[in-house]
Amino acid sequence: MVTQIISTMETQVSNGPSGTSLPNGPVISTNGSTDDSKTNLIVNYLPQNMTQEEFKSLFGSIGEIESCKLVRDKITGGLSLSPGQSLGYGFVNYVDPNDADKAINTLNGLKLQTKTIKVSYARPSSASIRDANLYVSGLPKTMNQKDMEQLFSQYGRIITSRILVDQVTAGISRGVGFIRFDKRNEAEEAIKGLNGQKPLGAAEPITVKFANNPSQKTGQALLTQLYQTAARRYTGPLHHQTQRFSMIPSLGKGPDPNNSSKPILDNLLNASYGVKSSPTLFPRFSPITIDSMTSLAGVNLTGPTGAGWCIFVYNLSPEADESVLWQLFGPFGAVTNVKVIRDFTTNKCKGFGFVTMTNYDEAAMAIASLNGYRLGDRVLQVSFKTSKQHKA
DNA sequence: TGCGATT
């Protein structure tokens, strides 16, 4: 049975900010420490391959960041070659509480590759909320998330819950789930009360125990997970050289314009690939090769000069902002930077912007899909950014 | 029909 890898990833959770809302500025408590409950956010369900830099770039587009951290695995990080595998969540602390609020409003629910990110206020860090996540197995297949919450809610406040579903049969329960309580002692009580018990009408007893903390995984489990994550990245379509470039002349064909009344993000998600190329496994073409080919075609591309592939987006509305570009391009792969060009005096978008993507394949896919895409009452024109200086 | 750089 194939199951969703995402479902096994542990994520951290949050509540709303504690206390009443206040105007701007950091709040200094009586003991001298700063209260960051209105500026500090937790971000869950980040794409596995998102880097600290991409994370900072995305949230930095909202406002000034006091600090941010993509949480990574200690064990793989300890192997010193890599920074450690992303655990799929992170924290962002803004300088201004208004920016934290804005980040929640504009970035919560943003689709990036195969994930839908969650942005919410972080609960203050405290020992009592740690290790409060439970793993439940043997659940009746008919039991849904709400039923499970009902069963567990007598023991405390539930922060999140989920039931794992089989991927190929589209949503049949695996009889396995997770329940996170607000406090560890609530989780302990739930184990005492429910482990080995039969839910009403169930044939078999359920097992309730503390969930594995991802940072406590064995080296073997981590290697397995790394392998699975890597394998998923490379299962997308590969194109040999001529196929790659034949994609460019076909740019006029974006998503069906007649279908543009559908929610944009739904269309994008269906069109997107979770493909990420590896320089080691699939060496990409050198900028020299690309330049010589595109010069023949009378087009100059800005190559992957360090940062990545720069994409020009034309026909944005005057109201467009960075989050629009993240939403449009994020589903196609790693985006390192977005920029809406504004008139300095009016602060309105001048009708165009730029997006930088790390990988050629993902950038080409984004262009092929988004060029000609109808955004509101406008039809976008999307292409690689041209080089003005050396244009023929 | 328009390709930044107020970091």
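Order of the sequence lines sets the chain letters (A, B, ...), proteins ahead of strands, with each chain counted from 1.
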>> Measure CD/A:Q381 against P/B:dT1 and give the value in whole Å, please.
In response: 9 Å
>> Determine whether the aromatic ring of A:F352 stacks with the base of B:dG4, defined as ring centroids separated by less than 5.5 Å and ring planes inclined by less than 30°.
In response: no
>> Does either side chain, that of A:N49 or that of A:Q113, offer a donor lying less than 3.5 Å from an acceptor on the other one?
In response: yes
> Between B:dT1, B:dC3, B:dG4, which nucleotide gets closest to the side-chain atoms of A:I341?
Replying inline: B:dG4
>> Between P on B:dC3 and CG on A:N337, what's the gap in Å once rounded to a whole number?
In response: 19 Å
>> Whole angstroms only, please: what is the CZ-P distance between A:R378 and B:dT1?
In response: 12 Å
>> Please compare A:N315 and A:F344 by the position of their nearest nucleotide in DNA chain B and report the one closer to 5'.
In response: A:N315
> Rounded to the nearest Å, what distance is computed from the NZ atom of residue A:K385 to the C1' atom of nucleotide B:dT1?
Replying inline: 16 Å
> Is there a donor-acceptor pair closer than 3.5 Å between any side-chain N or O of A:N40 and the backbone N or O of A:S37?
Replying inline: no
>> Less than 6.0 angstrom from the centroid, inside 45 degrees of the normal: does A:R378 satisfy that with respect to the ring of A:Y373?
In response: no
> To the nearest angstrom, how far is A:N347 atom CG from B:dT6 atom P?
Replying inline: 14 Å
> A:K350 has an atom NZ; how far is it from atom P of B:dC3, in whole Å?
Replying inline: 9 Å
> Atom NZ of A:K339 and atom C1' of B:dT6: how far apart are they, to the nearest Å?
Replying inline: 8 Å
> In whole angstroms, how far is the C1' atom of B:dT7 from the CD1 atom of A:I65?
Replying inline: 14 Å
> Do A:D166 and A:T169 have side-chain N/O donor and acceptor atoms under 3.5 Å apart?
Replying inline: yes
